[in-house]
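Okay, so here's the structure we're looking at.
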Amino acid sequence: MASISKSLLTATRIARSSSLKWGPDHPPSSFLYSHSAAAVPELQQPAPPPPPPPLPKPTATSRSQEKQRGWTRFLLFVPGAITFGLGTWQIFRRQDKVKMLEYRQSRLEMEPIDCKHITPSSENLDSLEFRRIICKGVFDESKSVFVGPRSRSISGVTENGYYLITPLMPLPNSPESLQMPILVNRGWVPRSWRDKSLKVLEEGEHPQSTESTDIQQESSSWWSFWSKKPTITEKEHIPQTKLDEVVGVIRGSEKPSIFVPANDPNSCQWFYVDVAEIASNCGLSENTIYIEAVNEKVNPCKPYPIPKDNNALIRSSVMPQDHLNYTFTWYSLSAAVTFMAFKRLQPKKMTR
């Protein structure tokens with residue numbers, strides 16, 4: 001009996017404790033299980049991302065930096081644009097050079113003009129440039145001018161020399177002679193020609209002593225006393241002068257580059273053709289006609305001077321093929337510089 005009463009007392013305690021545990025504030029386990037099962041889907045939904053932080057307002061410093069970056073990017077393409085423009089300019093230069101050479105060639109193919117019908121005041125000499133002209137007169141060798149040095153290639157060997165410019169003077173009482181003096185570029189001569197001319201000028205500046213001249217005068221007077229030769233008149237003593245015929249092309253003064261030094265007439269150094277300056281040095285008017293002799297009617301017994309041929313007359317310092325080479329060079333530089341500018345502006349890849 002005692003054991004039965006103890007078990008009943010334990011059961012009542014358990015029932016009382018369970019009733020207190022599951023009161024109105026504590027729902028049963030079945031309710032909790034159903035509520036938690038319904039709340040699981042709500043907990044599995046992803047949370048919305050947080051809103052982005054507000055962007056900072058641009059300041060004056062940031063604006064100036066952006067402008068500076070824009071100008072820097074623009075300046076990267078300036079060399080490419082300049083080189084591209086230079087290449088295009090060479091194309092137009094080549095077209096102009098081709099037209100100029102065709103114009104010169106057509107002028108050289110015209111009939112030559114007689115020099116007696118041309119005067120500097122009658123027609124504009126610029127309109128007569130590259131026209132062939134025929135002149136007859138007498139060369140004044142004492143007033144020759146050597147312009148140079150100018151190189152010439154002979155059988156693959158380059159030799160330095162000069163251009164020989166000599167006044168062609170009219171011959172009085174000659175109907176075939178020209179009426180006024182002109183300057184003639186007779187052609188290329190070796191360096192020895194200029195050395196001989198300078199030596200003659202130096203000897204002319206230092207005449208013989210007065211004693212030798214007095215002795216010569218005394219001997220000549222003594223000899224003339226004993227000799228009985230007939231006197232020769234002036235007309236019989238002067239031989240008949242032969243006219244020099246020149247076929248040339250009317251040209252103008254040269255345009256020297258910045259590397260060519262200035263002419264020095266006092267020391268007989270002429271580096272380029274300045275028609276007015278050479279004419280004044282020869283005692284002629286500044287508007288004297290200047291021609292370049294061509295290799296027509298050349299005396300084979302006299303190898304020098306060597307006149308120019310037609311190809312040398314129309315040739316320019318920069319030919320059309322040179323302009324094509326310049327065009328290719330400038331376009332290549334433009335492509336290379338522009339490619340480097342694009343590579344510089346590409347974002348750098350981050351390496352891990």
Side-chain angles (χ1 to χ4, degrees), residues 90 93-94 96-98 100-102 104-105 107-108 129-130 132 139 141 143-168 183-202 244 246-275 277-278 281-282 290-330:
Q90 288 296 329
R93 287 280 297 157
R94 180 185 178 276
D96 295 339
K97 190 61 63 67
V98 169
M100 183 189 71
L101 296 179
E102 292 177 352
R104 292 182 177 181
Q105 184 65 34
R107 302 278 287 183
L108 291 176
E129 192 172 9
F130 288 98
R132 288 189 301 163
F139 283 116
E141 301 285 352
K143 297 180 180 179
S144 295
V145 173
F146 295 87
V147 179
R150 303 294 171 92
S151 60
R152 183 176 182 269
S153 180
I154 305 174
S155 300
V157 179
T158 303
E159 184 180 1
N160 288 330
Y162 293 86
Y163 284 146
L164 177 61
I165 299 178
T166 308
L168 186 66
L183 292 174
V184 181
N185 186 342
R186 301 167 65 183
W188 186 90
V189 294
R191 189 185 186 92
S192 58
W193 281 50
R194 181 176 182 270
D195 297 338
K196 291 179 181 179
S197 177
L198 294 177
K199 187 177 180 180
V200 170
L201 289 176
E202 291 177 357
D244 297 318
V246 180
V247 179
V249 177
I250 300 177
R251 295 297 307 272
S253 300
E254 293 180 347
K255 296 180 180 179
S257 63
I258 57 176
F259 304 103
V260 178
N263 294 328
D264 188 5
N266 296 327
S267 59
C268 299
Q269 291 184 351
W270 301 90
F271 300 100
Y272 63 94
V273 178
D274 188 342
V275 178
E277 190 174 7
I278 294 176
N281 183 75
C282 296
Y290 167 71
I291 67 173
E292 292 183 356
V294 295
N295 56 352
E296 296 182 6
K297 300 181 180 180
V298 178
N299 188 0
C301 299
K302 297 180 180 180
Y304 300 109
I306 302 176
K308 294 183 179 180
D309 55 4
N310 291 341
N311 293 329
L313 285 171
I314 67 174
R315 183 175 178 83
S316 177
S317 58
V318 182
M319 297 297 286
Q321 183 61 36
D322 299 329
H323 288 291
L324 283 180
N325 297 335
Y326 297 156
T327 302
F328 177 76
T329 302
W330 287 122

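The analysis underlying the following values was restricted to heavy atoms, covering all of them including side chains, and did not include hydrogens, waters or symmetry mates.
- At least one side-chain heavy atom of Cys268 sits under 4.5 Å from a side-chain heavy atom of Leu198.
- Every residue two or more places apart in sequence or in another chain that forms a side-chain hydrogen bond (donor to acceptor under 3.5 Å, both in side chains) with Asp264 is listed here: Ser267.
- Closest non-hydrogen pair, Pro307 versus Ala293, comes out as CB-O, 3.6 Å.
- Under the 4.5 Å side-chain criterion, counting only non-hydrogen atoms from C-beta, Leu324 is in contact with Arg94.
- Distance alone, capped at 3.5 Å, is enough to place a donor-acceptor pair between the Arg104 side chain and the Ile314 backbone.
- Within the 3.5 Å criterion, the main-chain N or O of Ile291 finds no donor-acceptor partner in the side chain of Arg251.
- Taking CZ from Arg107 and CG from Leu313, the interatomic distance works out to 13.5 Å, rounded to the nearest 0.5 Å.
- Looking at heavy atoms from C-beta onward, Ile278 lies in side-chain contact with Leu183 at the 4.5 angstrom threshold.
- For the atom pair CG (Asn185) and OH (Tyr290), the distance works out to 3.5 Å, reported to the nearest 0.5 Å.
- Here CZ of Arg186 is found 13.0 Å from CD1 of Ile306. Values are rounded to the nearest 0.5 Å.
- Using a 4.5 Å cut-off on side-chain heavy atoms (C-beta onward), Lys308 and Tyr163 make contact.
- For CH2 of Trp270, the number of neighbouring non-hydrogen atoms (other residues, nucleotides, ligands) closer than 6.0 Å is greater than 12.
- Scored by the side-chain hydrogen bond (donor to acceptor under 3.5 Å, both in side chains) test, Arg152 finds no partners at all (sequence neighbours excluded).
- In terms of heavy atoms, Thr327 sits closest to Gln90 at OG1-CB, 3.1 Å.
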### Query
Between Ile165 and Ser144, does a side chain to side chain contact (heavy atoms under 4.5 Å, CB included) hold up when you go through it step by step?
CA-CA 6 Å; Ile165 299 178; Ser144 295; over 6 Å; no
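- With rounding to the nearest 0.5 Å, the separation of CD1 in Ile250 from CD in Glu129 is 9.0 Å.
- You'll find the side chain of Pro265 reaches within 4.5 Å of the side chain of Asn281, heavy atoms only.
- Counted by atom type alone, Thr158 and Ser151 present zero donor-acceptor pairs between their side chains at under 3.5 Å.
- Between the side chain of Lys97 and the backbone N or O of Pro320 there is no donor-acceptor pair closer than 3.5 Å.
- The CD atom of Gln321 sits 5.0 Å away from atom CG of Asn325, with the distance rounded to the nearest 0.5 Å.
- Residues Gln269 and Phe146 have side chains not in contact (no heavy-atom distance under 4.5 Å, counting atoms from C-beta outward).
- Applying the salt bridge (charged side-chain N to carboxylate O under 4.0 Å, His left out) test to every pair with at least one member in residues 311-322, sequence neighbours left out, gives no pairs at all.
- Looking at Arg150 and Glu159, no side-chain N of the basic residue comes within less than 4.0 Å of a carboxylate O on the acidic one, giving no salt bridge.
- A heavy-atom distance below 4.5 Å is found between the side chains of Asn263 and Tyr272.
- Taken from NE2 in His323 to OG in Ser316, the straight-line distance is 7.0 Å, to the nearest 0.5 Å.
- Looking at Val147 and Tyr162, their side chains never come closer than 4.5 Å, going by heavy atoms from C-beta outward.
- Distance alone, capped at 3.5 Å, is enough to place a donor-acceptor pair between the Glu254 side chain and the Val273 backbone.
- More than 12 non-hydrogen atoms from other residues, nucleotides or ligands lie less than 6.0 angstrom from OH of Tyr304.
- A pairwise comparison of heavy atoms in Cys282 and Pro167 identifies SG-CG, 4.0 Å as the closest pair.
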